[in-house]
> 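One structure coming up, written as structure tokens, with questions to follow.
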2 protein chains.
Amino acid sequence: MIRNMSHNSFALLQARGYKLTEPRRRVIEQLHDRRRALTALELHQLLASEGISLASIYRTLELLVELGLAEAATRSGDEQRYIACSPGQHHHHIVCSRCGRVADITECLLEPFEDVVRERTGFTIESHTLEFHGYCSACRQ
Amino acid sequence: MIRNMSHNSFALLQARGYKLTEPRRRVIEQLHDRRRALTALELHQLLASEGISLASIYRTLELLVELGLAEAATRSGDEQRYIACSPGQHHHHIVCSRCGRVADITECLLEPFEDVVRERTGFTIESHTLEFHGYCSACRQ
DNA sequence: ATAATAAACGCAAATGATTCGCAATATGTC
DNA sequence: GACATATTGCGAATCATTTGCGTTTATTAT
């Protein structure tokens, strides 16, 4: 299952004409397997034994976001965290404030409200960002 | 009205024992009067004639966030934007993707969903971040 | 009002996450 | 199995933000 999710990303990468390199494979695996919001530096440390450069990690993350295979978490600190993401369906995440664990919220809760927001504010609505924060079962006191 | 909103912030600042200085007054005024999500650099440029240092703008923004008088917008780019905020009631914003104009969404749309999210994910929920993006009436094509 | 006093300021240097240039290497293809 | 090229690792560069420090300014008490 976890393997399959990584493999989906591998496949999409290649289908778009990108090479499936060692740094890309490893970053994708980590993001999927750990199910955590990770920083570039954390990925670099997790992959220390692989001799992958920090620059490649940044470049890979940029590519994954572009392809919809990862997304940048809401920032709370000076380092950006990244979350593995299935492309296609729009959805949201809850992130553990202690360990960074991520869970998906499978459908979008907000589309029904976009009309209300448009009427109230006079803005047209193109998108929204939503992220919940709390504690996963392991980190709850 | 606009003046009152700035004055509320002035008062809260002083009530908490902080001095109402020129940089603080000006930054608060700009954030309230422009009703836009602004970067530190933009504030510095807007206030160029006042001889206010960029460092003071950063320090003021940090203080305003701490006091709940401003909040950091969802980042989309390499500079943080800040939004004037009334402390007290939890609410959300919609930000114009072209000009940065901000409108308030007066109450929170998501509290009713927190139970659902908790049940589905097994996380306890402490908070959430939500921001809408679109175009204000002036920027809509 | 005026002086006393501590918080805040302006400046310039430091920090640190992220990006970039380039020679070397690894991937997918023929 | 060799080729052509995308991608890598390295180190240097960038640039938003933070910090140290001597000076200024907002508040409090005289």
> Need one value for B/Ile52: base, sugar-phosphate or nothing, where a base atom within 4.0 Å counts as base even if backbone is also close, heavy atoms only.
sugar-phosphate

> How many whole angstroms separate atom CD of B/Gln80 from atom C1' of D/dT18?
15 Å

> Give the rounded distance in Å between these two atoms: CD1 of B/Ile57 and P of D/dT19.
17 Å

> From the set D/dT17, C/dC9, C/dA6, return the single nucleotide nearest to any side-chain atom of B/Glu79.
D/dT17

> Please tell me if A/Arg75 has a side-chain N or O lying less than 4.0 Å from either OP1 or OP2 of C/dT18.
yes

> Which whole-number value in Å describes the distance from B/Arg16 CZ to D/dT27 P?
17 Å

> Please work out whether the ring planes of B/His7 and B/Phe10 are parallel, tilted or perpendicular, with thresholds of 30° and 60°.
tilted

> With a 4.0 Å cutoff (strictly under), does any side-chain N or O of B/Tyr58 reach OP1 or OP2 of D/dT17?
yes

> Expressed as a whole number of angstroms, how long is the span from A/Arg59:CZ to C/dC22:P?
14 Å

> Report the distance from atom CG of B/Asp78 to atom P of D/dA16, rounded to the nearest whole Å.
6 Å

> Between A/Gln30 and A/His32, do the side chains contain an N or O donor and an N or O acceptor separated by less than 3.5 Å?
no

> Any side-chain N or O of A/Thr21 below 4.0 angstrom from OP1/OP2 of D/dT7?
no

> By the 4.0 Å heavy-atom rule, please label A/Glu62 as base, sugar-phosphate, or nothing.
nothing

> In whole angstroms, how far is the C1' atom of C/dC9 from the CG atom of B/Leu20?
14 Å

> In the single-linkage hydrophobic clustering (I, L, V, M, F, W, Y; side-chain heavy atoms under 4.5 Å), do B/Leu47 and B/Tyr82 co-cluster?
yes

> Could you state the atom-to-atom distance from CZ of B/Arg26 to P of D/dA26 in whole Å?
12 Å

> Let me confirm one number: the CD1-NE2 distance from A/Ile52 to A/His44, rounded to the nearest 0.5 Å.
8.0 Å

> Could you check whether the rings of A/Phe132 and B/His128 sit parallel, tilted or perpendicular, using 30° and 60° as the cut-offs?
perpendicular

> Is there a side-chain contact between B/Ser56 and the phosphate of C/dA8, meaning an N or O under 4.0 Å from OP1 or OP2?
no

> Quickly work out the B/Arg24 CZ to D/dA26 C1' distance and round it to whole Å.
10 Å

